[in-house]
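Scroll down for the structure; my scribbles are underneath it.
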Amino acid sequence: MKEMILLLALMMVPANATAGMEIGPQELSIPVAEVNDGEAHYYSIEMDGKEIRFFVVRSKDGIIRAAFDACDVCYRSKQGYSQQGDFMVCNNCGMRFHSTRINVVKGGCNPSPLERRTEGDKLFISLDAVRSGAKYF
């Protein structure tokens, strides 16, 4: 099963054509330089037969944040979020969320947080964390 998951993960296609994401056996990594510009960067991975989408954004306080491109409320619409300045906006209901609150506030229509860590010049996200968001897609 793990081999199948890895194979599917390797077939991932970044939604915004950022080619710096690398998939390992347990986690993926993204160069910090790729997501350090204050713009939301969207990624997707094929896992367990689903395309799981997430975004990474460096908020105004300098923290790199990650969330699924979905929330607990509007995920069925599959419309995700778009960025308007310092806010991520739900494309379904129009609710706005300041980027400094991503990974801090969860539940409701907040972008569903995605655990991540930064080490050196890379952002790491475990594949198990990504897999936990499959229910949204």
Side-chain angles (χ1 to χ4, degrees):
M1 183 66 171
K2 286 187 176 186
E3 293 81 17
M4 180 64 148
I5 292 169
L6 178 60
L7 177 61
L8 292 173
L10 291 172
M11 295 170 59
M12 66 84 196
V13 178
N16 62 355
T18 49
M21 182 166 65
E22 295 179 2
I23 308 293
Q26 303 294 322
E27 60 190 5
L28 63 86
S29 66
I30 299 169
V32 168
E34 186 173 291
V35 296
N36 206 20
D37 59 2
E39 299 296 320
H41 296 266
Y42 296 86
Y43 299 89
S44 64
I45 296 177
E46 288 289 327
M47 250 180 177
D48 301 331
K50 290 186 174 185
E51 178 189 20
I52 301 172
R53 299 185 323 268
F54 63 96
F55 64 84
V56 176
V57 63
R58 179 180 174 265
S59 54
K60 205 169 197 167
D61 58 4
I63 297 174
I64 297 175
R65 300 171 186 279
F68 293 104
D69 197 22
C71 72
D72 292 344
V73 177
C74 298
Y75 71 93
R76 288 181 187 92
S77 74
K78 301 189 184 305
Q79 294 184 43
Y81 291 85
S82 57
Q83 185 178 25
Q84 292 180 2
D86 291 334
F87 292 86
M88 296 303 292
V89 180
C90 176
N91 294 324
N92 185 53
C93 71
M95 294 279 292
R96 298 165 43 97
F97 304 92
H98 199 276
S99 60
T100 58
R101 306 298 288 165
I102 296 169
N103 294 117
V104 175
V105 180
K106 54 182 150 180
C109 209
N110 289 283
S112 183
L114 182 55
E115 292 180 36
R116 81 287 181 225
R117 72 179 194 287
T118 303
E119 289 181 17
D121 62 351
K122 295 212 174 183
L123 176 76
F124 293 92
I125 301 173
S126 78
L127 295 181
D128 286 340
V130 174
R131 186 176 299 105
S132 74
K135 62 187 175 195
Y136 297 119
F137 302 97

(message) With a 4.0 Å cut-off on N to O distance, would you call R117 and E27 a salt bridge?
(response)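 Salt bridge present between R117 and E27.
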
So, taking the atom named [atom1] in [X] and the one named [atom2] in [Y], what distance separates them when rounded to the nearest 0.5 Å?
X: D69; Y: S112; atom1: CG; atom2: OG; result: 11.0 Å
X: L123; Y: R116; atom1: CG; atom2: CZ; result: 7.5 Å
X: Y81; Y: F97; atom1: OH; atom2: CZ; result: 5.0 Å
X: K122; Y: L28; atom1: NZ; atom2: CG; result: 10.5 Å

Considering all heavy atoms, the nearest [X]-[Y] contact:
X: T118; Y: G120; result: CG2-O, 4.0 Å
X: A70; Y: Y75; result: CB-CB, 4.0 Å
X: N91; Y: S82; result: OD1-OG, 2.8 Å
X: C90; Y: C109; result: SG-SG, 4.0 Å
X: A129; Y: L114; result: O-CD1, 3.6 Å

(message) Just to verify, what does Q83 make a side chain to side chain contact (heavy atoms under 4.5 Å, CB included) with, not counting sequence neighbours?
(response)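 Result, side chain to side chain contact (heavy atoms under 4.5 Å, CB included) vs Q83: E39, A40, V57, M88.
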
(message) For the backbone of R65 and the side chain of N103, can you confirm whether one donor and one acceptor N or O come within less than 3.5 Å of each other?
(response)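 Such a contact is absent between N103 side chain and R65 backbone.
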
(request) Spell out, as yes or no, whether a donor-acceptor pair under 3.5 Å connects the side chain of K50 to the backbone of F137. (result)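 Between the backbone of F137 and the side chain of K50 there is a qualifying donor-acceptor contact (under 3.5 Å).
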
Decide yes or no for [X] and [Y]: does some side-chain heavy atom of the first lie under 4.5 Å from some side-chain heavy atom of the second?
X: V56; Y: I64; answer: yes
X: M21; Y: I45; answer: yes
X: L127; Y: M47; answer: yes
X: D72; Y: Y136; answer: yes

In one Ile/Leu/Val/Met/Phe/Trp/Tyr side-chain cluster, 4.5 Å: [X], [Y]:
X: V73; Y: I102; answer: no
X: F68; Y: F124; answer: no
X: F87; Y: F54; answer: no

(request) For E115, look at atom CD and say whether over 12 heavy atoms of other residues, nucleotides or ligands are found less than 6.0 Å away. (result)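 No, not enclosed.
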
(request) Any chance you could lay out the side-chain contact (heavy atoms from CB on, under 4.5 Å) test for R131 and D48, step after step, and finish with the verdict? (result) CA-CA 8 Å; R131 186 176 299 105; D48 301 331; 3.4 Å; yes

(request) Run through the side-chain heavy atoms of Ile, Leu, Val, Met, Phe, Trp and Tyr, join any pair under 4.5 Å, and report what else lands in V104's cluster. (result)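 Besides V104, the cluster holds V105.
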
(request) With side-chain contact (heavy atoms from CB on, under 4.5 Å) as the test, would you mind laying out the steps for Y43 and V35 before giving the verdict? (result) CA-CA 11 Å; Y43 299 89; V35 296; 3.4 Å; yes

(request) Dump the intermediate steps for side chain to side chain donor-acceptor pair (under 3.5 Å) on D61 and S59, then the final yes or no. (result) CA-CA 5 Å; D61 58 4; S59 54; 2.4 Å; yes

(message) Show every salt bridge (charged side-chain N to carboxylate O under 4.0 Å, His left out) that has at least one partner inside residues 74-98, sequence neighbours left out.
(response)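 As it turns out, the salt bridge (charged side-chain N to carboxylate O under 4.0 Å, His left out) pairs with a partner in residues 74-98, which skip direct neighbours, are K60-D86.
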
